[in-house]
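Only this structure's heavy atoms are used, side chains among them; waters, hydrogens and symmetry mates stay out. Worth saying up front: this structure is predicted, and the values here are computed from it rather than measured. Numbered from 1 within each chain, the chains take letters A, B, ... in sequence-line order.
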Amino acid sequence: MRKYWELMKSQIKLDSAYTIWYWSGTASTILRVFVIYAFWSAVYDNRVEITGIPLSTMLTYVVLATLLSNYSAGVGYELANRVRNGEVAIELMRPYDLMHKLVALDLGTKITSSVRNTLPIIILSFIFIGINLPHTWFAGPLSILSAIIGVFIGAQLDMIIGILAFWVFYIWGLRILRNAILLFFSGALLPISLFPDWLQTVSTFLPFQSIVYVPVAIYTGQITGSDIYFSILMQLVWLVVIFGIIRLLWSFALRRVTIFGG
Amino acid sequence: MVNYYPENREYFEMGCSMIEVRGLTKEYTIVKKSPGLRGAVKGLFVRDYTVKRAVDNINFSINQGELVGYIGANGAGKSTTIKMLSGILTPSSGEVKVNGIIPYQERKKNAQTIGAVFGQRTQLFWDIAVRESYHLLKHIYQIPDKQHKETLEMFIEVLNLGPLLATPVRQLSLGQKMRCELAAAFLHNPSIVYLDEPTIGLDVAVKTRIRAFIREMNKLHNTTVLLTTHDMQDIEEICNRIIIIDEGKVLYDGSLASIKERFGQKRVIHFELDLEGEFTLPAALEGKANVIPGEEEGKISLSFSSKEMNAADVISAVLGEYRARDLTIADPKIETIVHEIYERGV
Amino acid sequence: MVRYARLYWEFFKMHIKVMMEYRIDFLIGILSVFLIQGTSIFFVAIVFDHIEALHGWTFYQILFIYGIAQTGRALEFIFFDNLWVLGQNYIRPGQFDRILIRPVNPLFHVLADRVQADGVGQVLMGLIVLITAMVNLPIEWGISELLLLVLMIVSSGAIFMAVNLFFASLSFWIVDSIPIMGAVFTLSDFTRYPMSIYNRSVKFVLTWLIPYGFTAFYPATLFIENSEYTMIGLLSPVVAIISVTIAYQVWKKGLKAFSSTGS
């Protein structure tokens, strides 16, 4: 455990060193929040609510969803690169579990960006856009818990893409494909409750809404009461299932490394 | 600096030489960064610069068909010189003319007449088959079809490229890649070729083939070659003249034969001694051997000329006063010669 | 000029050959890009399920703006995408030296080094969106309107390219400007929607500083009646020419800086 902790800390230090990436990333996010604000304000022109959601709740949803969707990527690309250039064989000789190491590095990056990027932007959004506080006092901590599970699900899904690099050469295409699916079905663009009915049904059978929609909807009150606990339970089920799939794929992939040399 | 080529001066003035370099200097300004946040804030307003002279007032001239070894330690200014000769860098001061062209002013025109291999950086196109790379180079350099075909056929034979042509560059081994690189550098029949460490990391068979190829090209087309290397064997087998630089200055410029005459008898013996205190040169070796201190405690190297002494005498003189754990007799290395020249002058 | 056209063709043929070797990957790429563009359209469609107009703009008018931006950006994506990696793939690893010892224009060489075939997916999606909008809008489409539209799309692509070239050239001074390029590129999100929904300072920036407004919205207003804008869209080709000129000057300045520091 200790070594993964150290790996994570080293990643935090590394990320903190790249100031130009930090400022550019923050600027990008602020610009995106700005577009979202202008767009939804225009949507609510002369309108009090859409499907029962008032403007302030909608803005709260889309801003938080945009911020949270920044975390839905993981280290799949890192892994894919290492597979592509053959480093994976070297990594496998080192005294740690490569998957755990990558997760530790990823956590490091995510912790850095939540402190330096997300938190300030949330505060700015409270002040300038007037986003709401959590729906109920209890929804606050539950949505944070749900968001953490969601981030783990996103990171694990990303890992699948990375492992596929053992079989597929052109991982960039798969990544874009994943981005497209995620952007839409995670609820990063708008609440899934606005989807047409058939699409809402499809979405409940997919893991993607656990990544963004569930935590943010708990916060804004689209999901209430005992539905909250059910949704979090579903998130946990998905996490376990995806983790199982990854371990299975990984063991196939390792067999491939040992036979073909990566 | 000793110029063993007094006739060069005439060439220089007549403008007939291939490469002319006069008072060439390249300075870099390096911004000093103070540590910490205060330093960063301070850096926004006041900046401290240090000026580093990578190349310092260099003069030489190279005639067509010469095979010149350009030698120096890492960071001595070799690459910077070559970058100025090939038009990548603009000199801070001084003159440089290649084929009568000032490279940094007419970069494209200069590029048409030069070829280059820059160590590990590839000239070829990474993702595509070698054959396709050569095809593209043909169009980039506007090589006539017939000439391209003939040259390529010859290269395929001399460098044994046949089996490699269909392979993408990224799948080639280091030695295979370097053979393909060389062919790419010579493909448009350039009058000058710059080779930066062309044999680094290669096995003996490939090195031999590469050296033979360079000599062959020189013989066929009278191609001028400027070669940087750390491999003495490269110099011995390819070059007829060497230029040694250190800290941006030319230390030696002359024929290989004469430097070998002066320093070729140089031998070095590395000792690993059980030392108590400082090492002092035994009296018998005073004035005849030179001490090169090693990096670790107890490691000492002695250089001497085999004209004046033989190795056995040196060893027995040292063993007379010290206990040795180990010793090795080394071949004369170009680094040693450079070191020697740097320490004592030519 | 002819020489460069011919040379580009040689590069292009070679890229096609490589793509044919990785056919499956190529298809995945096109499909993915197609889908990710589709999601944005789908998003707008869902929103319009619940409203009739966005600040007075109808669904098809918004699709029309979107279509121009997508198609213009797709042209840029296919042919000029390599600018993104100028720092990462050329300057940082020293590969730019290789470009400089070749007897061709270095910008040409960098651009010719890549053709982004995935952009075909984006062109397809852009055209689908554009044609859907064109059919459903009450505009008479004659030859002159179509030619004007093509001119607008080409200008749009040129503006996208110019902005990228400008910020990519900063790599000559700071080694890798990709994060800055990314942040600036986020601004192009603004162009998907009518500019009238933004406040004055945003409009000013997108019109006169980073002219993304001319990549879709202003050109679109030329074809849409009753918009409060009349002729500003005609400036698009002029803006494109000016932007490309400025960006190329910065590139040349960057080259000069590079040749004096070499880093």
Side-chain angles (χ1 to χ4, degrees), chain B residues 26-31 54 79-80 82-92 103-129 131-143 168 181 184-185 188 190 192-194 196, chain C residues 2-22 25-26 82 85 88-110 112-117 172-175 252-263:
Chain B
K26 181 71 199 173
E27 289 174 342
Y28 295 111
T29 39
I30 299 160
V31 181
S79 305
T80 307
I82 290 189
K83 280 184 177 179
M84 286 190 282
L85 291 176
S86 52
I88 297 170
L89 272 181
T90 312
S92 306
Y104 58 93
Q105 279 176 2
E106 293 182 82
R107 191 187 51 74
K108 272 187 272 182
K109 204 170 157 201
N110 181 55
Q112 187 69 45
T113 65
I114 63 168
V117 172
F118 288 149
Q120 310 284 19
R121 281 171 213 161
T122 181
Q123 273 262 54
L124 301 160
F125 297 80
W126 192 242
D127 269 325
I128 61 175
R131 186 197 305 278
E132 303 288 336
S133 272
Y134 293 149
H135 179 76
L136 269 184
L137 287 172
K138 177 191 136 184
H139 287 279
I140 288 173
Y141 288 98
Q142 297 175 291
I143 310 167
E181 288 291 334
H188 53 291
I192 300 169
V193 174
Y194 305 108
D196 195 354
Chain C
V2 178
R3 185 196 158 204
Y4 279 118
R6 222 180 270 158
L7 194 51
Y8 194 86
W9 176 240
E10 294 298 330
F11 273 90
F12 189 79
K13 277 196 300 195
M14 175 201 75
H15 291 306
I16 299 293
K17 272 187 206 162
V18 176
M19 263 169 245
M20 287 304 111
E21 275 179 52
Y22 302 106
D25 300 309
F26 170 58
N82 221 19
V85 291
Q88 195 181 312
N89 289 5
Y90 289 87
I91 295 174
R92 193 187 294 281
Q95 279 293 338
F96 202 72
D97 294 354
R98 162 180 79 102
I99 305 272
L100 286 179
I101 55 165
R102 297 256 168 87
V104 288
N105 180 306
L107 179 59
F108 169 84
H109 202 308
V110 170
D113 267 352
R114 179 186 308 214
V115 168
Q116 192 53 280
F172 287 121
W173 290 278
I174 62 171
V175 180
K252 285 212 311 216
K253 272 225 149 68
L255 267 187
K256 213 169 211 164
F258 182 82
S259 80
S260 71
T261 59
S263 58

Practice task
Any chance you could measure B:Leu136, atom CG, to C:Asp113, atom CG, to the nearest 0.5 Å?
Solution key: 9.0 Å
Practice task
Only counting residues at least two apart or in another chain, list the ones meeting side chain to side chain donor-acceptor pair (under 3.5 Å) with B:Lys108.
Solution key: none
Fill in the blank from the handout: With sequence neighbours left out, the residues meeting side chain to side chain donor-acceptor pair (under 3.5 Å) with B:Tyr141 are none
Exercise for the section: Answer with side chain, backbone, both or neither: which region of C:Phe11 has an atom nearer than 4.5 Å to a non-hydrogen atom of chain B? Expected result: both
Completion exercise
So, the part of B:Leu85 with a heavy atom under 4.5 Å from chain C: the answer is neither
Completion exercise
Under a 4.5 Å heavy-atom criterion, the part of residues 102-109 of chain C in contact with chain B comprises C:Arg102, C:Pro103, C:Val104, C:Asn105, C:Pro106, C:His109
Handout entry: B:Lys26 side chain to C:Ser260 backbone, donor-acceptor under 3.5 Å
Key = yes
Exercise for the section: Heavy atoms only, distances under 4.5 angstrom: which of C:Met14, C:Arg98, C:Glu10 has the most pairs with chain B? Name it, please. Expected result: C:Glu10
Problem - Atom pair NE2 (B:His139) and CZ (C:Arg6), whose distance is rounded to the nearest 0.5 Å - result: 9.0 Å
Fill in the blank from the handout: Scanning both residues in full, the closest heavy-atom pair of B:Ile140 with C:Arg3 reads O-NH2, 2.7 Å
Handout entry: chain B contact via C:Ile99 - side chain, backbone, both or neither, heavy atoms under 4.5 Å
Key = backbone
Exercise for the section: For B:Arg107, check side chain to side chain donor-acceptor pair (under 3.5 Å) against everything at least two apart and list the hits. Expected result: none
Handout entry: Heavy-atom closest contact (B:Ile88 atom, C:Ile101 atom, distance)
Key = CD1-CG2, 3.8 Å
Practice task
Please look at B:His135 and chain C and tell me whether the side chain, the backbone, both or neither of the residue comes under 4.5 angstrom of a heavy atom of that chain.
Solution key: side chain
Exercise for the section: For C:Lys256, look at atom NZ and say whether over 12 heavy atoms of other residues, nucleotides or ligands are found less than 6.0 Å away. Expected result: no
Handout entry: C:Lys17 side chain reached by B:Ile128 side chain, heavy atoms, under 4.5 Å
Key = no
Exercise for the section: Enter the distance from C:Leu100:CG to B:Ser86:OG here, rounded to the nearest 0.5 Å. Expected result: 8.5 Å
